[in-house]
Visitor: 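Would you mind keeping the following structure in view while I ask a few things?
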Protein chains: 2
Amino acid sequence: MQVISESCAMSRKKRRSGCPISFALELFGDRWTLLVVRDLVFMGKRRFSEFSASSEGVATNVLSDRLRRLVEAGVIESLGDPDDGRRVLYHLTPAGVALIPTLVELANWGALHDPDTAAPAEFVRRFARDRAGLIEDLAAKHRRD
Amino acid sequence: MQVISESCAMSRKKRRSGCPISFALELFGDRWTLLVVRDLVFMGKRRFSEFSASSEGVATNVLSDRLRRLVEAGVIESLGDPDDGRRVLYHLTPAGVALIPTLVELANWGALHDPDTAAPAEFVRRFARDRAGLIEDLAAKHRRD
DNA sequence: GGACTGGGTTGCAATATGCAAGTGATTAGT
DNA sequence: ACTAATCACTTGCATATTGCAACCCAGTCC
């Protein structure tokens, strides 16, 4: 069912157009994929059951599909936990880390335009005063090279 | 079928969580919505038939649904064209203009991570050297206040 | 070895999407 | 003024994607 060896991270599929936004939307254009990345970036989550416990309530079949697609796209990687053979740990690749600015912009937009947002005021304040520092701090936590 | 008077732009619907990213995804989390915004922002398109002609080939029923949702969310507005009673002109609201940084980040990510991107090199270069100026130039074209 | 946990898969109903054709209000052509 | 186009949709229907609940199996705990 799944092609094992696809040496190139971003595999060639039928693309709707060469537009970079369309390209990004083919991967992130659904209600769940970016929430997984959010959990990794902002919540420090690493495991299936942690993503599954997020308050939006993703179905486990959808979650496993999205994790697989993110791995195929080269945005995240999975590793068996050496301390517990049942567990799988997911983490961001450099391509995933490069997504942080987009996620931060989207979060800021949402915080500013949702009248009932639960976004911490500190996030919005820090974004306004020191966007670059905010992004760098988040990225630093996820860099491994 | 459609509620006519909903005075508040961002109408209260069942929300999955208070998370600003989840909020944004409830509106933009699909393969087509942001493409409409892209056409407005980068291509200067304003009309149904122009969006419909985009190379990704959105179905007309989906397009009209997405335009309606964007209007309901207060991201775009529609106006009859005074020069031609058949035509409807769409344009960004301030909330739509505020989305430009997110779109620019997403486009940059896509351009850098799609090996077959058709994104103009000039866009990537300008983004790297003068992100703020690039965003300001785009925003200036769409501001009306 | 028996129960439990973690990370999934499977089957099926509900929902959303894609496609082709149609509609109704305007406008352009003669 | 009549006819043919154009524009912005809507409708109907086949297909694809989601949501939900139940199930599965390898690895751990006791």
Side-chain angles (χ1 to χ4, degrees), chain A residues 1-4 13-17 22 25-36 39-40 43-73 76-91, chain B residues 1-4 13-17 22 25-36 39-40 45-73 76-91:
Chain A
M1 177 161 238
Q2 194 185 339
V3 178
I4 284 298
K13 293 180 182 174
K14 51 185 171 242
R15 206 155 295 170
R16 297 183 298 183
S17 74
S22 176
L25 255 24
E26 275 163 48
L27 177 57
F28 301 114
D30 80 281
R31 263 175 274 311
W32 300 109
T33 306
L34 275 182
L35 287 182
V36 173
D39 282 349
L40 279 160
M43 317 296 180
K45 295 184 179 179
R46 321 245 93 138
R47 291 177 22 225
F48 189 95
S49 56
E50 293 177 313
F51 302 130
S52 187
S54 289
S55 62
E56 291 84 7
V58 62
T60 58
N61 56 346
V62 174
L63 176 57
S64 83
D65 178 70
R66 295 309 186 274
L67 286 167
R68 183 167 35 237
R69 292 165 66 125
L70 283 169
V71 170
E72 274 171 23
I76 66 176
E77 278 173 353
S78 65
L79 240 92
D81 185 337
D83 298 341
D84 187 335
R86 291 170 302 181
R87 293 185 174 174
V88 176
L89 299 177
Y90 293 94
H91 62 91
Chain B
M1 178 163 235
Q2 194 185 340
V3 178
I4 285 298
K13 294 181 182 173
K14 51 188 171 239
R15 207 156 295 170
R16 296 182 298 182
S17 73
S22 176
L25 255 24
E26 276 163 47
L27 178 56
F28 301 114
D30 79 280
R31 263 174 277 308
W32 298 111
T33 307
L34 273 182
L35 252 32
V36 173
D39 282 349
L40 279 159
K45 296 183 179 182
R46 319 247 92 137
R47 295 179 16 229
F48 190 96
S49 56
E50 292 177 313
F51 301 130
S52 187
S54 289
S55 62
E56 290 84 7
V58 61
T60 57
N61 55 346
V62 174
L63 176 57
S64 83
D65 177 70
R66 296 308 186 275
L67 287 166
R68 181 166 38 237
R69 293 165 64 125
L70 283 168
V71 169
E72 274 171 23
I76 66 175
E77 278 174 352
S78 65
L79 241 92
D81 185 337
D83 299 340
D84 185 335
R86 291 169 301 182
R87 293 184 173 175
V88 176
L89 299 176
Y90 293 94
H91 62 91

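Just so it is clear: chains get the letters A, B, ... in the order the sequence lines come, proteins before strands, and each one is counted from 1.
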Visitor: When you measure from the side chain of A/W32, which nucleotide among D/dT18, C/dG7, C/dT9 comes out closest?
Guide: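 Looking only at heavy atoms from C-beta outward on A/W32, the closest nucleotide is D/dT18.
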Visitor: Which residues, if any, of residues 58-66 of chain A bring a heavy atom under 4.0 Å of DNA chain C?
Guide: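 When residues 58-66 of chain A is checked for heavy atoms under 4.0 Å from DNA chain C, the hits, listed by number, are A/T60, A/N61, A/S64.
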Visitor: Please name all residues satisfying side chain to side chain contact (heavy atoms under 4.5 Å, CB included) with A/S64, sequence neighbours left out, ordered by chain then number.
Guide: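 Counting only residues at least two positions away or on another chain, A/S64 forms a side chain to side chain contact (heavy atoms under 4.5 Å, CB included) with A/F48, A/R68.
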Visitor: Please list, pair by pair, any protein nitrogen or oxygen found under 3.5 Å from a nitrogen or oxygen in nucleotides 28-30 of chain C.
Guide:
none

Visitor: Starting from the 5' end of DNA chain D, give me the residue, B/F48 or A/P82, whose nearest nucleotide shows up first.
Guide: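 Counting from the 5' end, the first nearest nucleotide belongs to B/F48.
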Visitor: List for me each residue that meets side chain to side chain contact (heavy atoms under 4.5 Å, CB included) alongside A/R86, sequence neighbours excluded, and say none if there are none.
Guide: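 So A/R86 forms a side chain to side chain contact (heavy atoms under 4.5 Å, CB included) with A/D84.
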Visitor: Quick one: is the NZ or CZ of B/R16 closer than 6.0 Å to the six-membered ring centre of A/W32, and within 45° of its axis?
Guide: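 Satisfied, under 6.0 Å and within 45°.
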Visitor: For B/A59, which residues count as a side chain to side chain contact (heavy atoms under 4.5 Å, CB included) partner, sequence neighbours excluded?
Guide: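 With neighbours one apart ignored, the set is B/N61, B/V62.
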Visitor: Quick one: B/E50 CD to D/dA8 C1', roughly how many Å, whole number?
Guide: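 Rounding to the nearest Å, CD of B/E50 and C1' of D/dA8 are 13 Å apart.
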Visitor: Between A/L25 (CG) and C/dT17 (C1'), how many Å, whole number?
Guide: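 My rounded result for the distance is 15 Å.
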Visitor: I want to check one thing: is the phosphate of C/dG6, taken as OP1 and OP2, less than 4.0 Å away from some side-chain N or O of A/Y90?
Guide: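 It does not, given that no N or O in the side chain of A/Y90 lies less than 4.0 Å from OP1 or OP2 of C/dG6.
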Visitor: Does A/R31 have a side-chain nitrogen or oxygen under 4.0 Å from the phosphate oxygens OP1 or OP2 of D/dT18?
Guide: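 No, no such contact exists.
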Visitor: Restricting to side chain to side chain contact (heavy atoms under 4.5 Å, CB included), what partner residues turn up for A/L89, sequence neighbours left out?
Guide: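 Checked A/L89 against side chain to side chain contact (heavy atoms under 4.5 Å, CB included); matches are A/R46, A/R47, A/D81.
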